[in-house]
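Written out below as structure tokens is the structure these notes cover.
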Protein chains: 2
Amino acid sequence: MSETRVLVLDADPPPVLDRLAGRARVLHCDEASLAARLPEADVLLVWDFLSDAVRDAWPGPGPRPGWVHTASAGVDRLLFPELLASDTVVTNARGVFDRPIAEYVAGLVLAMAKDFHRSWELQRERRWLHRETAKVYGSRAVVVGSGPIGRRIGTTLAALGVEIALVGRRAREDDAEFGRVHASEALPGLLPEADWVVCAAPLTPTTAGMFDAAAFALMKPGARFINVGRGGHVVEEDLAAALRAGRPGGAALDVFAAEPLPAASPLWDLPGLVVSPHMSGDTFGWRDDLSEQFLDNFDRWQAGRPLANVVDKRLGYVPAEG
Amino acid sequence: MSETRVLVLDADPPPVLDRLAGRARVLHCDEASLAARLPEADVLLVWDFLSDAVRDAWPGPGPRPGWVHTASAGVDRLLFPELLASDTVVTNARGVFDRPIAEYVAGLVLAMAKDFHRSWELQRERRWLHRETAKVYGSRAVVVGSGPIGRRIGTTLAALGVEIALVGRRAREDDAEFGRVHASEALPGLLPEADWVVCAAPLTPTTAGMFDAAAFALMKPGARFINVGRGGHVVEEDLAAALRAGRPGGAALDVFAAEPLPAASPLWDLPGLVVSPHMSGDTFGWRDDLSEQFLDNFDRWQAGRPLANVVDKRLGYVPAEG
């Protein structure tokens with residue numbers, strides 16, 4: 001049996017991957033050398049999930065790997081026509097980011113409810129200014145995205161007493177965790193009631209740009225919008241105009257159309273907007289967790305067993321079991 | 001039957017109290033006029049719970065009210081010798097602040113774990129700087145205070161997957177909510193294991209100054225200390241020295257020895273210290289909630305029924321039922 005060749009697209013792969021030694025031939029490449037090395041690879045492990053390098057290199061000459069794994073939950077950069085049409089299996093990091101992102105979103109909800117940002121501005125000015133703040137208990141959230149990340153956000157906020165409306169691709173009345181899941185078509189009817197609107201959806205042609213002027217106009221003036229999905233879910237100029245008009249009353253973006261967010265972007269100092277650098281899921285040890293997850297799947301690959309977390313390339317995410 | 005005279009110590013009482021009209025004669029006073037009006041009052045309603053006016057006025061001539069209600073959970077300013085020795089019943093606002101304060105503490109825990117403060121500093125500088133942050137799930141908290149506020153903090157953090165050690169006056173192995181409650185004497189053994197140390201205790205001679213250099217020295221370098229009790233629980237100079245030495249790694253104070261915190265205080269810009277102006281429990285409508293709670297108790301008083309939330313003046317708080 002010839003040795004499996006694993007090509008790793010990453011300048012600085014985590015040491016945990018050294019455990020492939022003796023079991024596979026590990027090749028490394030960066031964006032520039034990817035095209036040249038791709039024909040040698042049985043397996044491609046993509047660390048830089050925001051890169052378009054795979055899309056650019058894929059159509060070249062020679063064979064292509066039968067399995068591509070991305071160390072991310074979102075697979076949007078891999079859903080280009082040539083990969084879609086191929087037999088190559090795509091897997092993702094489903095599961096690793098659920099709880100970290102849910103904690104991050106709960107933190108943003110509480111920080112916005114309790115006006116922490118303003119408190120810290122006042123602290124810088126050494127000003128003692130008592131204010132009243134919002135209760136989170138009894139408030140309402142719409143969570144867009146019924147995959148594991150959206151679900152964990154929903155259960156985490158529910159544990160704080162927030163009423164959750166979970167939105168997925170299709171409506172369901174028999175969901176084991178939430179009872180009802182709303183279809184995306186129902187979103188316009190849900191937005192006017194929400195105190196919190198959280199986007200944790202996969203980026204697909206259906207969900208791209210779904211948060212636009214029309215969506216923001218349906219939100220309450222006091223509502224807050226949080227995006228931990230992908231920058232492409234939001235029409236950023238529409239959000240900027242909406243925040244300037246005071247509807248919604250605030251927002252937090254961890255993801256952007258262009259990352260890193262350029263220093264000249266008007267988003268940095270938009271009133272009521274909290275900017276963070278695509279880090280909501282990245283807790284200490286995350287790269288080790290992602291490596292372990294790949295190694296588990298590599299065991300399956302070598303044993304000829306079905307891979308875990310296989311993306312439905314047409315849907316753009318890993319469908320739920322059952 | 002002569003009309004009950006309710007004296008309200010507050011410059012600006014909430015309109016909800018107008019519902020006393022026809023049922024009581026409502027008298028208003030401020031700190032300066034309290035001493036003169038005290039002999040007329042059957043009931044004293046204290047809004048400014050940080051004031052020493054009651055302590056100063058109480059020893060004067062004439063009769064004293066049979067019931068003093070304070071619109072706060074803490075009764076520390078009322079536990080002076082003359083009131084302790086009197087037959088006057090003291091009641092407090094037990095219950096109103098539990099959930100708001102627990103949400104506030106959960107928000108601080110998440111904000112500190114996720115490094116929000118630093119993200120907001122970087123946002124001001126328009127700098128995109130990805131960092132890894134801590135998981136809250138699986139971390140450990142010591143919550144000092146086994147009254148309703150400490151308990152709600154404990155259950156709220158537990159819902160986020162935090163392991164809780166609840167500390168009260170006396171050890172118990174049969175607590176309905178937490179199983180074990182640790183005695184305050186056990187605190188030194190608990191502090192070295194804690195990622196989060198939260199003070200939500202009543203301020204009594206036993207708890208005053210309990211967070212001093214010795215306590216901070218027992219905390220982990222990465223631990224964070226949060227005080228939503230009273231400023232008197234903390235030896236502020238010791239905390240300042242401890243933070244400068246990096247143990248604990250951070251702190252958040254909502255309460256201070258002197259409030260408002262003077263603009264010249266070194267606490268405003270101590271590294272790793274988050275300052276907020278004694279507002280953790282004060283959600284929109286809190287003064288109405290407090291007024292409703294007083295009105296309920298006033299019904300009991302007029303009907304000759306036992307009052308709710310009667311403080312054990314010797315202990316310094318309302319003991320748990322049963």
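Heavy atoms only: backbone and side chains are in, while hydrogens, waters and symmetry mates are out.
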Tell me if a side-chain donor or acceptor on B:Arg99 pairs with a main-chain N or O of A:Lys135 at a distance below 3.5 Å. no

Determine, stepwise, if the pair A:Phe116 / B:Leu108 fulfils side chain to side chain contact (heavy atoms under 4.5 Å, CB included). CA-CA 9 Å; A:Phe116 283 173; B:Leu108 287 170; 3.8 Å; yes

With a 4.5 angstrom heavy-atom cut-off, is it the side chain or the backbone of A:Ser280 that approaches chain B, or both, or neither? neither

With a 4.5 Å limit on heavy-atom distance, are the side chains of B:Trp120 and A:Val275 in contact? no

Measuring heavy-atom distances to chain B, does A:Leu129 have an atom under 4.5 Å in its side chain, in its backbone, in both, or in neither? backbone

CD1 on A:Ile101 to NZ on B:Lys114, rounded to 0.5 Å: 10.0 Å

Let's test your reading of the structure: which of B:Glu125, B:His278, B:Glu121 forms the most heavy-atom pairs below 4.5 Å with chain A? B:His278

Just so I understand: if I count every heavy-atom pair under 4.5 Å between each of B:Val109, B:Leu122, B:Asp115, B:Thr133 and chain A, which residue has the most? B:Thr133

Given the options B:Ala106, B:Gly285, B:Pro260, B:Ala159, which has more heavy-atom pairs under 4.5 Å with chain A than any of the others? B:Pro260

B:Ser119, B:Ala134, B:Pro100: which one forms the most heavy-atom pairs within less than 4.5 Å of chain A? B:Ala134

Is any side-chain N of the basic residue among B:Asp269 and A:Arg126 closer than 4.0 Å to the acidic one's carboxylate O? yes

What part of A:Ala264 lies closer than 4.5 angstrom to a heavy atom of chain B: side chain, backbone, both or neither? backbone

When heavy-atom pairs shorter than 4.5 Å are enumerated against chain B, which of A:Arg124, A:Arg287, A:Glu259 gives the highest number? A:Arg124

Pair B:Arg131 + A:Asp282, salt bridge at N-O below 4.0 Å: no

Donor-acceptor pair, A:Glu103 side chain versus B:Tyr137 backbone, under 3.5 Å? yes

For the side chain of B:Gln123 and the backbone of A:Leu273, is there at least one donor-acceptor N/O pair under 3.5 Å apart? yes

Between B:Ser265 and chain A, which part of the residue has a heavy atom less than 4.5 Å away: side chain, backbone, both or neither? backbone

Would you give the length of the straight line joining atom OG1 of A:Thr156 to atom CG of B:Leu110, rounded to the nearest 0.5 angstrom? 9.5 Å

Shortest non-hydrogen separation from B:Trp268 to A:Trp128 and the atoms involved: CH2-N, 3.7 Å

